[in-house]
Amino acid sequence: MTRLYRRALLAGAALPLFAINTRPARAAEFSLKLANNSPVTHPQSVRQQEAIDRIKAATNGAVEIQLFPNNQLGSDTDMLSQLRSGAIDLFSLSGLILATLVPAASINGIGFAFKDYDTVWKAMDGKLGAYVRSEIGKRGLVAMDKMWDNGFRQITSSTHPIKVPADLKGFKIRVPVSPLWTSMFQALGASPISINFSEVYSALQTKIAEGQENPLSLISIAKLYEVQKYVSMTSHMWDGFWMLGNQRSLSGLPADAQVIVARELNKSALDERADIGKLNGSVAEELKSKGLTFVEVDKPAFREALKAAGFYGDWKKKYGDEAWGILEAEVGGLS
Ligand code: X2X
């Protein structure tokens, strides 16, 4: 956070926020940076900008947030470091990548845990989300209440269609930087390569990776269909973004501004979920028209392969009984 008006800040606790900010065209007292990895046209970026505009209006211009979408400030792992140091104040990040800092945060990505969106939101707006948020809080970061949707992930390939687990044998698949992703695709017999999203398109184009996995919405918005031929509807995990704040930056805002920032970001998260829901209904047809071939898969066979490889038992041990118990209470028995 840039402190332009130190005196106003010091007085902030005593003065009502809006009393000191009613003059138009005055520089913001609090300037924050919000970063993400999504293309500017992704609902995540669009809805974050809307939240920013509402926050500015609701604080009479006192809180100005600048959006840096599309990895403008670096890769996800770079931006996570910047968030921790306070160079970035707000950052939306996949829980699975956040797990490089907060191990519990990848738990929603356990293979085939969620059967549908109702189960996802009940868990993430409920006890499972609360558990992960409290783990995040222990690491000097604040997680807003509402997660943003990334989606159920599907496998794409430029070389051959993936129908059954055997098709993944030795398959060079790009996965985001996260132990859970690597472990899951190793358990399925593939050769996962950890690459940040900022490098995915070129990794696929140059065939460093044969394939990758992402929700259909992102395969469309990031134009991955240009460098991939097949998409297999595995829905092998659900992935979402936590809206994270640097604790020092946020607690530097007056209390009423903190409430406004959280309220508007959470509202935009719900809007974004609805956008992705709508996209899910139309995007398959669009991707087919762009030349992507949809592949039917033997989904239970993938889950069985994970079980047989001991994947669920291993991760239950890593997360511990408390976390695993909360997950299973939401989604049913896994191991
Ligand atoms: O890196 C990815 O594949 C992405 C964009 O889905 C995430 O943020 C995890």
Quick one, Y312 with F112, criterion side chain to side chain contact (heavy atoms under 4.5 Å, CB included). Give me CA distance, side-chain angles, the key distance, then yes/no. CA-CA 10 Å; Y312 294 102; F112 304 100; 4.0 Å; yes
Using the salt bridge (charged side-chain N to carboxylate O under 4.0 Å, His left out) rule, take E226 and K223 through it: C-alpha gap first, then chi angles, then the decisive distance, then the call. CA-CA 6 Å; E226 292 177 351; K223 299 193 189 316; 5.1 Å; no
Worked check of salt bridge (charged side-chain N to carboxylate O under 4.0 Å, His left out) between K122 and E330: CA-CA 8 Å; K122 188 178 159 288; E330 297 286 357; 3.0 Å; yes
Step by step, would you call K146 with D125 a salt bridge (charged side-chain N to carboxylate O under 4.0 Å, His left out)? CA-CA 7 Å; K146 298 293 177 191; D125 290 340; 3.7 Å; yes
Worked verdict on L90 versus L83 for side chain to side chain contact (heavy atoms under 4.5 Å, CB included): CA-CA 7 Å; L90 293 158; L83 177 75; 5.6 Å; no
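No more than 12 heavy atoms of other residues, nucleotides or ligands lie within 6.0 Å of CG in D321, so this atom counts as exposed by the packing criterion. The environment of R263 atom CZ is dense: over 12 non-hydrogen atoms of other residues, nucleotides or ligands sit within 6.0 angstrom. The local environment of NZ in K278 is sparse, with at most 12 non-hydrogen atoms from other residues, nucleotides or ligands closer than 6.0 Å. Within 6.0 Å of NZ on K318 lie more than 12 heavy atoms contributed by other residues, nucleotides or ligands. Counting heavy-atom neighbours within 6.0 Å of K33 NZ, excluding the residue itself, gives a total of 12 or less. Within 6.0 Å of atom NZ in K288, more than 12 heavy atoms from other residues, nucleotides or ligands are found, so the atom counts as buried in its surroundings.
Side-chain contact, W238 with D149: a donor N or O sits under 3.5 Å from an acceptor N or O. If you check the side chains of D239 and S94, you find a donor sitting under 3.5 Å from an acceptor. For the residue pair Y225 and E286, no side-chain donor N or O sits within less than 3.5 Å of a side-chain acceptor on the partner. Residues N37 and N71 have side chains that never bring a donor and an acceptor to within less than 3.5 angstrom of each other. Remark: the E210 side chain and the S157 side chain contain no N/O donor-acceptor pair separated by less than 3.5 Å. Residues E199 and S75 have side chains that never bring a donor and an acceptor to within less than 3.5 angstrom of each other. No hydrogens or angles considered: nothing links the side chains of Q82 and D78 as a donor-acceptor pair under 3.5 Å. A donor-acceptor pair shorter than 3.5 Å cannot be found between the side chains of N214 and T156. For the 3.5 Å distance criterion, the side chains of S268 and D271 fail to qualify, holding no donor opposite an acceptor.
F241 is not connected to I136 by any chain of hydrophobic side-chain contacts under 4.5 Å among Ile, Leu, Val, Met, Phe, Trp and Tyr, and they are in different clusters. When the side chains of ILVMFWY residues are joined at heavy-atom separations under 4.5 Å, either directly or via intervening members, V331 and W121 end up in a single hydrophobic cluster. Under a hydrophobic-cluster definition in which Ile, Leu, Val, Met, Phe, Trp and Tyr are linked whenever side-chain heavy atoms come within less than 4.5 Å, directly or via other members, I65 and L141 are assigned to different clusters. Clustering ILVMFWY residues whenever any of their side-chain heavy atoms sit less than 4.5 angstrom apart, transitively, puts L98 in the very cluster that holds L96. In the hydrophobic clustering of ILVMFWY residues, with side-chain heavy atoms under 4.5 Å counting as a link, L67 and L244 come out apart.
Residues Q154 and S235 form a side-chain contact, since some pair of their non-hydrogen atoms from C-beta on lies under 4.5 Å apart. Looking only at side-chain heavy atoms (C-beta outward), F30 and V261 stay at 4.5 Å or farther from each other. Taking 4.5 Å as the limit, every side-chain heavy atom of D275 sits out of range of all side-chain heavy atoms of L279. Contact of the Q212 side chain with the I219 side chain is registered, since non-hydrogen atoms from C-beta on lie closer than 4.5 Å. Two residues are said to be in side-chain contact when any heavy atoms from C-beta on lie closer than 4.5 Å; H160 and F171 meet this criterion. Residues L128 and L327 meet the side-chain proximity criterion, which asks for heavy atoms closer than 4.5 Å. Looking at L224 and L218, their side chains never come closer than 4.5 Å, going by heavy atoms from C-beta outward. Residues Y131 and I107 fail the side-chain proximity criterion, which asks for heavy atoms closer than 4.5 Å.
Judged by distance alone, the side chain of S251 and the main-chain N or O of Q247 form a donor-acceptor pair under 3.5 Å. Not one N or O on the side chain of R303 forms a donor-acceptor pair closer than 3.5 Å with the backbone of G111. Checked by atom type and distance alone, the side chain of N70 never pairs as donor or acceptor with a backbone atom of Q72 at under 3.5 Å. Between the S45 side chain and the T41 main chain, no donor and acceptor come within less than 3.5 Å of each other. In this structure, the side chain of N196 does not engage the main chain of S198 through any donor-acceptor pair within 3.5 Å. Without hydrogens or angle criteria, S249 side chain to G245 main chain gives no donor-acceptor distance under 3.5 Å.
Annotation: the span from Q44 atom CD to E272 atom CD amounts to 6.0 Å, rounded to 0.5 Å. Between S220 atom OG and K290 atom NZ the span is 6.0 Å, to the nearest 0.5 Å. Expressed to the nearest 0.5 Å, how far CE of M184 lies from CD1 of I110 amounts to 8.5 Å. Interatomic distance, CD of Q258 versus CG of L250, reported as 6.5 Å (0.5 Å rounding). Here the CZ-CD distance, from R47 to E264, works out to 12.5 Å after rounding to the nearest 0.5 Å. Atom CG of residue L168 and atom CD of residue Q186 lie 12.5 Å apart, to the nearest 0.5 angstrom.
The heavy-atom pair separating P192 from A190 by the smallest distance is CD-O, 3.2 Å. The heavy-atom pair separating A113 from L334 by the smallest distance is CA-CD2, 4.0 Å. The minimum heavy-atom distance linking P69 with N36 is given by the pair CA-OD1, 3.3 Å. Heavy-atom minimum distance, P103 versus Y319: O-CE2, 3.6 Å. T59 and V63 make their closest contact through OG1-N, 3.1 Å (heavy atoms, listed as atom of the first residue, atom of the second, distance). Between N108 and G240, the closest heavy-atom pair is ND2-N, 4.3 Å.
A salt bridge between K163 and D298 is absent, with no side-chain N of the basic residue lying under 4.0 Å from a carboxylate O of the acidic one.
Among I97, V177, T77, the one residue that satisfies the side chain to side chain contact (heavy atoms under 4.5 Å, CB included) test with S194 is V177. Test L188, I155, I193 against I173 for side chain to side chain contact (heavy atoms under 4.5 Å, CB included) and you get one pass: I155. Exactly one of K299, R153, E213 qualifies for a side-chain hydrogen bond (donor to acceptor under 3.5 Å, both in side chains) with H236. That residue is E213.
Note on ring orientation: taking the six-membered ring where Trp is involved, the planes of F311 and W315 are tilted (angle from 30° to 60°).
Between F294 and Y230, the ring center distance fails the sub-6.0 Å criterion.
Seen from the ring of W148, R273 does not count as a face-on cation partner, given the 6.0 Å and 45° thresholds.
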